[in-house]
Each structure stands twice: as C-alpha cells, then as structure tokens.
Amino acid sequence: MVSRIISVEAFDLVVFGGTGDLAHRKLFPALFQRDSDGQFTEPTRIISVARREMSEEKFRESVAVSLRAFVGKDVTASPAFKRFLERIQHVSVDVTGEKGWRELAEKLAGGEERVRAFYLATSPELFGPIAEQLAKHHLVTPKARIIVEKPIGHDGASAAKINDAIGAVFKEPQIFRIDHYLGKETVQNLMALRFANALFEPVWNSAHIDHVQITVAETIGVEKRAEYYDASGALRDMVQNHMLQLLCLVAMEPPSAFAADALRDEKLKVLKALVPITDANASSLTVRGQYRAGAVDGEAVPGYLEELGKKASNTETFVAIKAGVANWRFAGVPFYLRTGKRLPQRVSDIEVAFRPVPHAIFDGGTNTIPANRLVIRLQPDEGIKLWLMIKEPGPGGMRLQHVPLDMSFAEAFTGHVPEAYERLVMDVIRGNQSLFMRRDEVEAAWRWIDPILEAWSRAGEAPRPYIAGTWGPAASIALVERDGRTWNEDLA
Ligand code: NAP
C-alpha cells in the first residue's frame with residue numbers, strides 16, 4: 001500500500017504563535033511533509049505571527065532547526081527543504097494591541113481570492129482578541145477559516161465565551177476546532193472498521209460487548225507546562241476533549257454519510273446520552289490521582305509537587321472514570337476511561353471487550369477461553385488487533401490459543417504514516433470539517449465534565465497519591481475489579 005496525494009488549492013496560512021512550541025514541534029514539520037509530498041499548489045504562503053521581532057532570515061533558520069529536530073537530520077537533503085523555507089515569512093504583531101497589523105495586512109494583500117487560514121497556536125485567552133482584530137483590520141475574506149486549538153475554555157461558561165467571540169466574526173463552517181486525536185490514522189480506521197465492514201455492526205451493542213476501555217497514558221510529567229497544567233488537570237486536559245471524542249467514535253450510531261454534520265450529529269447524541277456524574281455518584285465512578293517521586297523507564301523522577309515547586313496542589317495528574325452511555329445500544333455497558341502522567345508506558349488505545357462464549361465445549365470450561373477483544377492502538381505503534389481463539393497447530397489434542405489478528409499499519413503501509421496535523425491542516429484548506437468539533441459538541445462535553453469538577457470541588461478530597469511509574473492509584477484498579485473486570489493486561 002502506498003499513499004495517494006491529492007493536491008490542495010493555493011492558500012495563505014497565518015500561524016499566530018509562530019514562535020511557539022506547537023508551531024515548531026508539530027505544525028511546521030507537518031506542513032513540510034505535505035509540501036515535500038507535492039501536495040501544495042503555488043503560490044502557497046505561510047506567515048508566522050508573534051510578538052518577537054525577528055528577521056525573515058532568522059525566523060527561517062529557526063524553522064530549519066525545528067525541521068531537523070522533528071522531521072529528521074537528513075531533511076536538508078530533501079529537494080523540498082529550500083522551497084518550504086521560502087514560503088515562510090514572519091511578522092511581529094502584538095495581538096492585544098495595534099502594533100504590526102498593518103504589516104500583516106500588507107503581507108496578505110493580493111491573496112484575497114485564495115483560501116486564507118488563521119491558525120491560532122496561542123493561549124485561548126487570545127482567541128477572542130485575535131478574531132476581533134482580524135475583523136477590524138478587514139482580513140476576514142470570504143474564503144477565510146480559523147483553526148483553534150484545545151483547550152477551548154476551562155469550563156462550559158468560558159468555552160461559550162470563547163465560542164461567542166470567535167462566532168461574532170466567523171460563521172460555524174469557517175471554524176475548525178482541532179482535536180488532533182481525530183486526525184490519527186487509527187482513529188479514522190476505527191470508522192472504516194465499523195462502517196465499511198458488515199461484520200461488526202450486528203455485534204456492536206450491549207448484547208455482545210461486555211465493556212470498553214480507553215487508556216491514554218503518558219510517561220512524561222508536567223515539566224515546563226507545570227503552571228498551565230496545575231490550573232487544568234487530567235480531566236480538562238485529556239478527558240473533556242480527546243477521550244470523549246474517542247468514546248463518541250466507538251459509541252455513535254452509523255451516520256447517514258461520511259460528511260461533517262452527519263458525523264457530528266451522531267457524536268453529539270452520544271455526548272448527550274452520557275450518564276451524568278454528580279455529587280451522588282462521583283466518588284464511586286471516578287478516581288483522581290497525583291504522582292509522587294518514583295521511576296519511569298528505569299530513571300528516577302520527581303513527584304508532581306516538586307516539579308510544580310509548591311507544597312500542595314489539589315490538581316489531578318491521573319483520572320479513571322466509569323462512564324455510561326444511556327441509550328438503546330449501550331445501556332449497561334461500562335466505558336472505563338483512564339489517563340495519567342508518569343505512567344509506566346506511553347500508550348493510547350481503545351479496547352472493545354466482547355462477551356465470553358455462552359457455553360464451553362472444550363476442556364476447561366468457559367473460564368479458560370478468553371473473550372474476543374478488539375484493540376485499537378493509537379500510539380505509539382498504530383494498528384488494530386482482533387484477539388481470537390484458535391487451535392494450537394500440530395498434534396497434542398484440541399489445545400486452544402489466544403492470538404491477535406494483527407493489522408499493524410507500519411507493516412501494511414510502506415510510505416510515511418502521516419501525523420495527525422498533516423491530515424487536519426489539509427482538511428482545513430479543503431474546507432472539510434468532518435474531523436473537527438462543532439460548537440455544540442464542545443459545549444455538550446463540558447456539560448458532562450462540569451458537574452464532575454463541581455462534585456470533586458465540593459467533596460474537597462485530595463487526589464490519591466501514586467508512585468511515578470505505576471498505573472495510578474490502587475483505587476483505579478478497584479474501580480474495574482469491583483465489576484469483575486481488569487484493565488487491559490497487555491499494558492500492565
Ligand atoms: P507557547 O510555546 O507558549 O507559544 C505561544 C505563542 O504565542 C508564542 O509564539 C508567543 O510568541 C505567542 N504570543 C503570546 N502572546 C502573544 C501576543 N500578545 N501577540 C502575539 N503573539 C503572542 O505555547 P504552545 O505550547 O505552542 O501552545 C499554544 C496553544 O496550543 C496553547 O493554547 C496550548 O494549550 C495549545 N496546545 C499546545 C500543544 C503543544 O504540543 N505544545 C498541544 C495541544 C494544544 P511571542 O512570545 O513571541 O509573542
């Protein structure tokens with residue numbers, strides 16, 4: 001299998017926060033990959049915006065350093081390297097004031113007929129002011145689009161405020177709310193698997209699915225982002241966006257078409273069907289944790305409070321939740337979610353655990369026959385495994401073996417597996433919103449999250465400690481084991 005490149009029309013991409021971490025670690029490398037695959041049409045331009053004064057030459061040098069670091073050292077040998085750097089310009093603008101907007105308008109002049117995309121790789125407090133300034137300086141053309149990064153707010157009210165500010169300038173079809181998990185190949189493959197195969201749909205319900213687990217585990221701590229993280233925590237940082245989006249893709253009904261609104265309508269229905277978690281059940285359905293000093297990958301690491309440089313903090317770096325989807329298809333099927341920092345392994349996966357066989361005809365009874373499982377691995381090694389029972393080959397009687405039907409993309413796909421941002425930015429240029437969140441989705445997700453945050457705050461309990469390098473507090477294991485189940489043992 002090799003990739004097929006469909007070129008996009010010429011565009012101007014303005015990256016607000018062009019000197020920042022996201023732009024250099026993710027965006028410029030992703031754009032470079034698309035350019036080197038020949039996807040861009042001339043004359044495509046990329047304009048960085050940030051307060052820092054930098055000559056065009058210096059800025060291009062800084063992008064070259066990032067490309068070497070995040071694409072590969074041999075990137076300079078690529079014929080696209082020079083061409084890509086020449087597309088890039090930099091303007092110093094303080095988006096909260098008047099400085100630099102005229103220069104930006106001058107740079108964009110002449111491109112009014114082209115797709116004009118504004119990527120806001122800045123903190124969310126600047127989203128409203130940027131939208132306002134763009135309108136004030138007449139930079140919003142008919143083909144303009146705006147791309148916003150998570151976090152969209154820290155609760156429902158602040159999310160609505162940000163959405164109002166952007167919505168005052170851009171119409172909903174021009175707004176692209178990125179959740180980069182949706183750009184991952186495996187996540188899109190989950191939709192292909194569910195809706196392009198007749199095999200799964202008849203068993204995709206509570207009669208056949210025992211439970212679903214979603215794990216997003218990181219080995220890193222909070223490092224340089226400690227201050228930001230302390231105001232956020234795992235629930236806001238991971239569950240409100242990425243994990244609920246994954247849950248939606250597992251639980252949603254088949255949309256009538258692979259089209260943005262059809263997909264998003266179905267995801268919204270799932271978000272609305274989530275069983276509320278409130279003061280009455282938060283302590284039995286959720287577990288919060290915070291890491292203490294320990295060791296990850298054989299290396300000693302400090303605890304959260306040491307990294308943060310504070311004596312105390314009530315912020316969770318780990319959360320486990322037993323969620324439920326109250327609809328005809330999934331009533332009674334637990335969706336166990338867990339995410340955390342300083343866990344033993346960097347891994348994100350979704351496991352759909354099917355019910356065991358109803359009756360055993362082989363020696364040993366049903367207990368010796370593990371149930372089928374579908375494991376969708378998002379990172380690090382993207383792929384899908386369907387765990388089945390087969391007969392162990394050769395003589396020796398009817399001995400059974402549990403084996404995965406392995407669809408690892410690295411082996412099936414000979415080209416470069418595109419990073420989520422590559423796909424998503426090209427979708428923005430094409431105007432395809434299928435893999436982006438609509439306003440009502442973001443707000444419905446907050447409507448489920450807000451009561452959990454409120455219940456935790458009212459309970460006033462400190463997060464449970466866990467040693468860095470373990471799978472979180474013991475209470476997380478108990479959350480699942482109470483129901484007679486276990487977390488995916490392949491990860492343990
Ligand atoms: P960052 O490294 O702090 O970058 C922030 C950028 O905003 C810098 O380029 C900064 O440049 C610019 N900026 C700040 N104030 C400005 C102003 N008044 N006018 C113009 N430019 C201004 O942050 P980041 O890590 O790239 O994150 C950006 C956003 O993406 C955040 O909301 C973050 O939560 C989100 N995000 C980041 C990642 C990631 O991997 N980094 C992943 C997902 C989401 P100057 O200082 O030169 O002005």
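Counting starts at 1 for both ligands and their atoms, following the listed order.
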Please confirm whether the backbone N or O of S348 pairs with a side-chain atom of T215, one donor and one acceptor, at under 3.5 Å?
no

Quick one, D230 with K310, criterion salt bridge (Lys or Arg N to Asp or Glu O under 4.0 Å). Give me CA distance, side-chain angles, the key distance, then yes/no.
CA-CA 10 Å; D230 200 49; K310 283 190 186 167; 3.4 Å; yes

NZ/NE/NH1/NH2 to OD/OE distance under 4.0 Å, E61 and K58:
yes

Between Y119 and F16, is the ring centre distance below 6.0 Å?
no

Neighbour list for ligand 1 [protein residues, heavy atom under 4.0 Å]:
G17, G18, T19, G20, D21, L22, R25, A50, R51, R52, V93, D94, V95, A121, T122, S123, P124, L126, E149, K150, P151

Any side-chain donor-acceptor pair under 3.5 Å between R338 and Q213?
no

Please lay out, stage by stage, how F70 and R25 fare under the test side chain to side chain contact (heavy atoms under 4.5 Å, CB included).
CA-CA 6 Å; F70 301 111; R25 217 159 37 82; 3.4 Å; yes

